[in-house]
Student: 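Provided herewith is a single structure, encoded as structure tokens, for subsequent inquiry.
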Amino acid sequence: MEKPRPAAGGASASASAAASAAAPDLTERQRRHLRGLAHSLKPVVRLGNAGLTAAIAAETARALGDHELIKVKAPGGDRAARDELFAELARRTGSALVHRIGNVAVLYRPRAEPPGLLIPDR
């Protein structure tokens, strides 16, 4: 069995600094691992009818700084619009969109210090 390694990459508490950081590049094996870890999580960010605002992006960046792996729930509606919304949120927060199913997306952004989640090597 391979020894897990700490996730690489930087994290920032502000949305603007997070947006400048590159999103982590994940392999399919790492995505599977993160999906398994996220299975039992409850959404910590809920998007409202106003959509993606600066406050939502900042709160998501803060939650990623605290937890590294979070679920975000969007209102129902057009699937393509939801996919675009989740992709834009991931871009603004410098996170990776691990998985999306229905109205819920899983975002991941590793912390530099202290290392939190351990994910498998590539």
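Nothing fancy with the numbering, it's 1 onward along the sequence.
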Student: I'd like to check the salt bridge (charged side-chain N to carboxylate O under 4.0 Å, His left out) partners of Glu84; sequence neighbours left out, ordered by chain and number.
Tutor: none
Student: Arg46: which residues meet the salt bridge (charged side-chain N to carboxylate O under 4.0 Å, His left out) condition with it, sequence neighbours left out?
Tutor: none
Student: Can you pull out every side chain to side chain donor-acceptor pair (under 3.5 Å) where at least one residue sits in residues 50-60? Sequence neighbours excluded, please.
Tutor: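 Every pair satisfying side chain to side chain donor-acceptor pair (under 3.5 Å) with a residue in residues 50-60: Glu59-Arg62.
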Student: In sequence, state the C-alpha distance, the side-chain angles, and the governing distance for Arg92 and Leu52, and then conclude on side-chain contact (heavy atoms from CB on, under 4.5 Å).
Tutor: CA-CA 10 Å; Arg92 281 173 131 182; Leu52 181 56; 3.0 Å; yes
Student: Less than 4.5 Å apart, any side-chain heavy atom of Arg35 and any of His39?
Tutor: no
Student: To the closest 0.5 Å, what do you measure between CD1 (Ile70) and OG1 (Thr93)?
Tutor: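 So the CD1 of Ile70 and the OG1 of Thr93 are separated by 7.0 Å.
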Student: Can any side-chain N or O of Glu88 pair as donor or acceptor with the backbone N or O of Leu85 at less than 3.5 Å?
Tutor: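 Checked: no pair found.
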Student: Would you compute the distance between atom CD of Gln30 and atom OH of Tyr108 and round it to the nearest 0.5 angstrom?
Tutor: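 One gets 8.0 Å once the value is rounded to the nearest 0.5 Å.
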Student: Do Leu69 and Leu107 come close enough that some side-chain heavy atom pair is under 4.5 Å?
Tutor: no
Student: Tell me if a side-chain donor or acceptor on Lys71 pairs with a main-chain N or O of Leu41 at a distance below 3.5 Å.
Tutor: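 A pair under 3.5 Å: yes.
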Student: Can you list everything that forms a side-chain contact (heavy atoms from CB on, under 4.5 Å) with Asn49? Sequence neighbours excluded, please.
Tutor: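 Scan of Asn49 (side-chain contact (heavy atoms from CB on, under 4.5 Å), adjacent residues dropped) gives Pro75.
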Student: Quick one: closest heavy-atom pair of Pro24 and Gly94, and the distance?
Tutor: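 That closest heavy-atom pairing would be CD-O, 3.7 Å.
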Student: Show me the donor-acceptor pairs, under 3.5 Å and distance only, between side chains in residues 97-106 and residues at least two apart or in other chains.
Tutor:
from: Arg100; atom 1: NE; to: Asp83; atom 2: OD1; distance (Å): 2.5
from: Arg100; atom 1: NH1; to: Gly102; atom 2: O; distance (Å): 2.6
from: Asn103; atom 1: OD1; to: Arg82; atom 2: NE; distance (Å): 3.3
from: Asn103; atom 1: OD1; to: Arg82; atom 2: NH1; distance (Å): 3.2

Student: Please confirm whether the backbone N or O of Glu68 pairs with a side-chain atom of Arg109, one donor and one acceptor, at under 3.5 Å?
Tutor: no
